[in-house]
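A short worksheet on the structure shown next.
Here the structure is a predicted model, which is why all the values come from computation and not from measurement.
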Amino acid sequence: MSFPLLTATAALPAIGAIATAAVPAARRTAAKWLALLFSLGTLALAVAVLVRFDPGGERYQLTESHAWIEDFGVRYQLGVDGIGVALLALTALLVPFVILAGWHDADPSPSSSSGGNPHDRVDKRWRPTQGFFALILMVEAMVILSFEATDVFLFYILFEAMLIPMYFLIGGFGDRAHAGGDDKAAAQRSYAAVKFLLYNLVGGLIMLAAVIGLYVVAGNFSLPDIAAARASGELDMATNTERLLFLGFFFAFAVKAPLWPLHTWLPNAMGEATAPVAVLITAVVDKVGTFAMLRFCLGLFPEASRWATPAIIVLALVSIVYGALLAVGQRDIKRLIAYASISHFGFIILGIFAMTSQGQSGATLYMVNHGISTAALMLVAGFLISRRGSRLIADYGGVQKVAPVLAGTFLVGGLATLSLPGLAPFVSEFLVLVGTFARYPVAGIVATTGIVLAALYTLVLYQRTMTGPVKEEVRAMPDLRPRELAVITPLIALLLFLGVYPKPLTDIVNPAVRHTMSDVQQKDPRPDVEAAK
């Protein structure tokens, strides 16, 4: 029996979560280092998965299959394709940076008489450090396993279970930079956490009904088996049945993604969470929704996916424009980044349902590149906010004169967010637009407005916070420290590398995209040569 590499990649952070939580309360620093070591070990296993994965080989590789609930045909069944490998690697890459960036986020606050930064005097509660890092590792384990699961029921369990640690990370370890004091901060955190949980639970319950319906129709939960039965004609779903099941799955994934109008939980959650947890939400957990659209919606329900495409494209376009417009009007730095992410998820979903190979390749690259760029921007924003103790844009000005490295990294993260050529998100956004124009030119034109608005909200944010006269409150602001530089520097290096040379990523993704295009029985439209003359 070969080594169960996929199981090990998910099991290691789960074991790390248990070990970190078991560290004695007085040894907070030991708990931090233990969590970091387990996250780095997970990253090493993810690299091993990348090395062993053959893009030209079978669709699902490194497979594992064991009986679980035999009476209902449920199996512990794992396998990764190119899309799953890319997102698994993204998750394993980001979590060590999340842990490093949040090194002091769960430390007990000093008393109000002890001096220090203003934000350190907001919350006097004991913050259980071990629990904070254990929850991060548990989220990592569940997300990685969700990218590996090829049993629909197993995926559903993970899809729902990851809500629990995220709920506690949002509600129990919120941002200390809150202007309303202890009571208002606690109320806002509680509201954001409950809203996150309720939205996603409702989506999950609707998906559960669809999962049960799928079992009734197909007789098992194995994604490869169901797809093969559909392709051979052994399984023939009635049109209305397929469409209802598709809607049940898609609704849950659209909440998780999030897609307008199911997006309203995200600004609250990202605004009230610490910056590292906000990265965990939008760069890691939310990617499960868009990944599942590719793997399950298109793989299980090809006819229904084609039927729903026009409506989903309209929703994606609304997300792009609406999210960007609201980002322009934000006064809170973290909420601005949250609305920008809603706009970016609109691009991802647009690329998926453009039903072209360029669009779906671009959407997959966008998931990876958005994760890296949003992590870079949000973490630098978190470092900025921790120094000043405020999330309000108006409370900053002239930061580049007193903290030039912080301002420079903030600018690079912002330019990546607006998809500047030479940085990684440009390649993915370009492919999404090319793939969309090829089949839906009007939708492609509307989507380009999101690029213009992205330039507006990003550059205005930089101008208002980093340039101009130095405000008295930021005059003594320190520049990035070595730990913070260790977080940001590799992310910026990756943005530059993948912006100039995306081939390693496209080589992994493109074969999986071809399989997905085959699932939905779509081919790329031929260029209209006569119209071009």
Compare every heavy atom of [Y] with every heavy atom of [X], then report the nearest pair and how far apart it is.
X: Leu418; Y: Ala455; result: CD2-CA, 3.9 Å
X: Glu140; Y: Thr42; result: OE2-CG2, 3.4 Å
X: Leu12; Y: Gly41; result: CD2-C, 3.4 Å
X: Ala30; Y: Val23; result: CB-CG1, 4.4 Å
X: Ser319; Y: Gly346; result: CB-CA, 4.0 Å
X: Ala278; Y: Met270; result: CB-O, 3.9 Å

Please answer whether the main-chain N or O of [Y] pairs with a side-chain N or O of [X] as donor and acceptor at a distance below 3.5 Å.
X: Lys287; Y: Leu90; value: no
X: Arg391; Y: Ile385; value: no
X: Thr448; Y: Ile445; value: yes
X: Lys334; Y: Ala273; value: yes
X: Asp395; Y: Ser390; value: no
X: Ser361; Y: Gln358; value: no
X: Asn369; Y: Ala424; value: yes
X: Thr436; Y: Gly444; value: no

**Request:** Before giving the answer on salt bridge (charged side-chain N to carboxylate O under 4.0 Å, His left out), spell out for Lys195 and Glu272 the whole-Å C-alpha distance, their side-chain angles and the decisive distance to 0.1 Å.
**Result:** CA-CA 12 Å; Lys195 189 173 183 180; Glu272 298 306 320; over 6 Å; no
**Test side chain to side chain contact (heavy atoms under 4.5 Å, CB included) applied to Met355 and Gln360, step by step** = CA-CA 7 Å; Met355 299 294 182; Gln360 291 187 0; 4.2 Å; yes
[X] and [Y] aromatic centres sub-6.0 Å:
X: Tyr322; Y: His263; value: yes
X: Phe147; Y: Phe291; value: yes
X: Phe132; Y: Phe168; value: no

**Message:** Evaluate Tyr440 against Leu350 for side chain to side chain contact (heavy atoms under 4.5 Å, CB included), listing each step before the verdict.
**Reply:** CA-CA 10 Å; Tyr440 302 104; Leu350 179 66; over 6 Å; no
**Given Leu498, Thr417, Leu495, the one that forms side chain to side chain contact (heavy atoms under 4.5 Å, CB included) with Pro425** = Leu495
Let me confirm one number: the [atom1]-[atom2] distance from [X] to [Y], rounded to the nearest 0.5 Å.
X: Leu485; Y: Phe383; atom1: CG; atom2: CZ; value: 8.5 Å
X: Asn268; Y: Ile170; atom1: CG; atom2: CD1; value: 10.0 Å
X: Thr409; Y: Ile488; atom1: OG1; atom2: CD1; value: 6.0 Å
X: Ile144; Y: Ser146; atom1: CD1; atom2: OG; value: 9.0 Å
X: Leu158; Y: Leu145; atom1: CG; atom2: CG; value: 4.5 Å
X: Arg189; Y: Phe173; atom1: CZ; atom2: CZ; value: 10.0 Å

**Prompt:** Is Phe430 atom CZ crowded by more than 12 heavy atoms from other residues, nucleotides or ligands, each under 6.0 Å away?
**Reply:** no
Contact check, side chains of [X] and [Y], non-hydrogen atoms, under 4.5 Å:
X: Leu406; Y: Arg387; result: yes
X: Leu259; Y: Val318; result: no
X: Leu423; Y: Ser373; result: no
X: Met166; Y: Leu280; result: yes
X: Leu294; Y: Thr364; result: yes
X: Ile320; Y: Trp260; result: no
X: Leu266; Y: Tyr339; result: no
X: Leu336; Y: Arg331; result: no

**Aromatic Tyr396 / basic Lys471 pairing, under 6.0 angstrom, 45° off normal** =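 No, a cation-pi geometry is absent between Lys471 and Tyr396.
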**Asked** Where do Tyr366 and Phe345 land on the ring pair (Phe, Tyr, Trp, His ring centres under 6.0 Å) test, with the steps shown first?
**Response** CA-CA 9 Å; Tyr366 216 132; Phe345 275 104; 8.8 Å; no
**Request:** With side chain to side chain contact (heavy atoms under 4.5 Å, CB included) as the test, would you mind laying out the steps for His104 and Lys32 before giving the verdict?
**Result:** CA-CA 9 Å; His104 298 299; Lys32 296 174 186 179; 3.7 Å; yes
**Request:** Determine, stepwise, if the pair Ile136 / Val139 fulfils side chain to side chain contact (heavy atoms under 4.5 Å, CB included).
**Result:** CA-CA 5 Å; Ile136 290 174; Val139 171; 5.9 Å; no
**Message:** Taking ring-ring contact (aromatic ring centres under 6.0 Å, His included) as the criterion, tell me which of Trp265, Tyr167, Tyr191 meets it with Phe196.
**Reply:** Trp265
**Chi angles and distances behind the ring pair (Phe, Tyr, Trp, His ring centres under 6.0 Å) call for His370, Phe347** = CA-CA 11 Å; His370 170 264; Phe347 274 106; over 10 Å; no
